[in-house]
K.L.:
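Dropping the structure in here first, questions after.
Every chain is numbered from 1, with letters handed out A, B, ... down the list of sequences. Computed from heavy atoms alone, side chains included, the values below leave out hydrogens, waters and symmetry copies.
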There are 2 protein chains.
Amino acid sequence: MDPLFEKGMTELNRPPTDRPFQAFEIVFWHVLDEMFEERLLPGDVLYETALSQELGLSRTPVREALSRLVAEGLLENPAGTRGYRVPDLSADDLQQVFQAREILESSAAALAAEHARKGDIGELEEIHRREILFSSQENRREYCRANVEFHFAVMRIGGNRYLERAFRPVFWRSQLYVNYLAEFHPLNGEELTAESGHNSPAEHAALIRAIARRAPKAAAKAAAEHLRSTTAYRILLDTERARHIFGGSSR
Amino acid sequence: MDPLFEKGMTELNRPPTDRPFQAFEIVFWHVLDEMFEERLLPGDVLYETALSQELGLSRTPVREALSRLVAEGLLENPAGTRGYRVPDLSADDLQQVFQAREILESSAAALAAEHARKGDIGELEEIHRREILFSSQENRREYCRANVEFHFAVMRIGGNRYLERAFRPVFWRSQLYVNYLAEFHPLNGEELTAESGHNSPAEHAALIRAIARRAPKAAAKAAAEHLRSTTAYRILLDTERARHIFGGSSR
DNA sequence: TTATAGCATAATGGATCCATTGTTTGAAAA
DNA sequence: TTTTCAAACAATGGATCCATTATGCTATAA
């Protein structure tokens, strides 16, 4: 459990701090990692007891973590039910998640175009360089990482902490869907990959340009268009095939 | 502690269910009510121990509740610090909260204009009738209630559950600010009241019309303009006076 | 063979306990 | 009188315990 946080992309979401991890945080990020790594799939159920034994902790921190995950909308435990269920995937959910992302991210992009400072543009460009590098190297994990960083960076540069807070759970959820869908989609391995076919870098470049020249509307448009070309979104449009995917877990 | 949930406006936010309250829910809504009722002000600090004694519960459910409130952004406990602090009010926070609301609510209004069914319009009109009634009766509490219901109804009719989830904490926080500001603002009692001078009903009417005639852009515009005319927002514009208000708690 | 009732199992909500650690008070020194 | 250090106090994080109750299995009956 030690190197739990050197892998995966979840630590991106943990605010940087020198304070040691509390037990419940270990559980929280562990579960999140399991979800991102697709070892936990929609329909799977987690139990406090089992988890606490697996992780060698008492149930107290496990409860805390699971309860937070529920608050984030990443798990659900309907009233009077035991176990914490990884929410099912429905075409409707997918559509709503991406619609929400489009609203939040295009607004943030517009704000970023208004508020960006010189260093911010540099930061975006640095991330973007990594995206290009890793996409050409076909280094899926590092590419994905940079991609995640990019979206959070735009959100942060936008400068609205409340919008940013609202964004995090929506984004997480959409990431889960992306991985899962890419995994199970019949087109997987052909033209579709988890990171939207590597056209992201070009679209990100367009967004950076819009932000750099302080064009809020163009930035918002670029962000929205980028989302629309995402793998998951494209799968969604392919509703006929989608029917084969959505539904219960395979496990 | 029994009639805790017949007063206040917080129960609006508890999803309806026949299941009895769990202990942690009692704590959760209790604290929320204390905040809305302005018995808890920015800068105040809550302690698990004290709360559990006050409410006659063990610390376990209290911890759960406080932890959820932190997750909602309604309390904060910085790393390595004791006590849960009601976040301070800064002009910047206020601006951001209202900016976030504008983004979320205008988007939801547009969606509502697209998705509204006949019954939905009826519901909005019913709430709106109550607003008019109570505003003319100067029944502050019931008016406020209807106002809250209205905003949630628009969000719900928009139909995006993820947007709705993101909206809730932002809205809550803005409500806290509204009450607090109205209380302490030097203009309180003159032209400003907590419910933005009762021009809300007219603005809500405009929003309903836009939704009813399926005009997403008009709906979004109406929602945004409504927010801009809110008390707190108007106070915010009055930055000179604002300086006297923002800052530590009075308690 | 399928459906139902009842029982055994085990997971959860809440209470309590303990070790750790942040806070505060007070005493001593500058 | 003000500052520093230490010791007592108190709040929290985590572990454990217990009562309640959801869940699953079995045996019986249709």
K.L.:
Quick one: list whatever passes side chain to side chain donor-acceptor pair (under 3.5 Å) with B/Arg85, sequence neighbours left out.
P.N.:
B/Asp88
K.L.:
Contacts to DNA chain D from residues 58-65 of chain A, heavy-atom cutoff under 4.0 Å, which residues?
P.N.:
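Heavy-atom cutoff 4.0 Å gives A/Ser58, A/Arg59, A/Thr60, A/Pro61.
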K.L.:
With sequence neighbours excluded, tell me which residues meet side chain to side chain contact (heavy atoms under 4.5 Å, CB included) with B/Ala166.
P.N.:
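Checked B/Ala166 against side chain to side chain contact (heavy atoms under 4.5 Å, CB included); matches are A/Ala166.
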K.L.:
Compute the angle between the rotation axes at the two ends of the helix from C/dT1-D/dA30 to C/dA30-D/dT1, each taken over five pairs, rounded to 10 degrees.
P.N.:
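Terminal axis comparison yields 20°.
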K.L.:
Taking salt bridge (charged side-chain N to carboxylate O under 4.0 Å, His left out) as the definition, give me every residue that meets it alongside B/Glu48, ordered by chain and number, with sequence neighbours left out.
P.N.:
B/Arg59
K.L.:
For B/Tyr47 and A/Thr81, find the nucleotide of DNA chain D closest to each by heavy atoms; which residue's nucleotide sits nearer the 5' end?
P.N.:
B/Tyr47
K.L.:
Apply salt bridge (charged side-chain N to carboxylate O under 4.0 Å, His left out) to B/Glu105 and list each qualifying residue two or more places apart in sequence or on a separate chain.
P.N.:
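Salt bridge (charged side-chain N to carboxylate O under 4.0 Å, His left out) check on B/Glu105 returns B/Arg101.
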K.L.:
Would you call B/Glu164-B/Arg161 a salt bridge at under 4.0 Å N-O?
P.N.:
no
K.L.:
Nearest whole Å is fine: how far is D/dA22 P from B/Gln22 CD?
P.N.:
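For the pair B/Gln22 CD and D/dA22 P, the rounded distance is 11 Å.
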K.L.:
Which residues pass the salt bridge (charged side-chain N to carboxylate O under 4.0 Å, His left out) test with B/Arg68, sequence neighbours left out?
P.N.:
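Testing B/Arg68 for salt bridge (charged side-chain N to carboxylate O under 4.0 Å, His left out), a comparison that skips the adjacent residues, returns B/Glu64.
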K.L.:
Can you name the ring-ring contact (aromatic ring centres under 6.0 Å, His included) partners of B/Tyr84, sequence neighbours left out?
P.N.:
none
K.L.:
Apply side chain to side chain donor-acceptor pair (under 3.5 Å) to B/Arg156 and list each qualifying residue two or more places apart in sequence or on a separate chain.
P.N.:
B/Glu123
K.L.:
Can you name the residues that form a side chain to side chain contact (heavy atoms under 4.5 Å, CB included) with B/Ser58, not counting sequence neighbours?
P.N.:
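Here the qualifying residues are B/Thr60, B/Pro61.
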K.L.:
Applying side chain to side chain donor-acceptor pair (under 3.5 Å), name anything that partners B/Arg130, two or more places apart in sequence or on another chain.
P.N.:
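With neighbours one apart ignored, the set is B/Glu126, B/Glu149.
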K.L.:
For DNA chain C, which nucleotides open and close the run of contacts to chain A, 5' to 3', at under 4.0 angstrom from a non-hydrogen atom?
P.N.:
C/dA10 to C/dG14
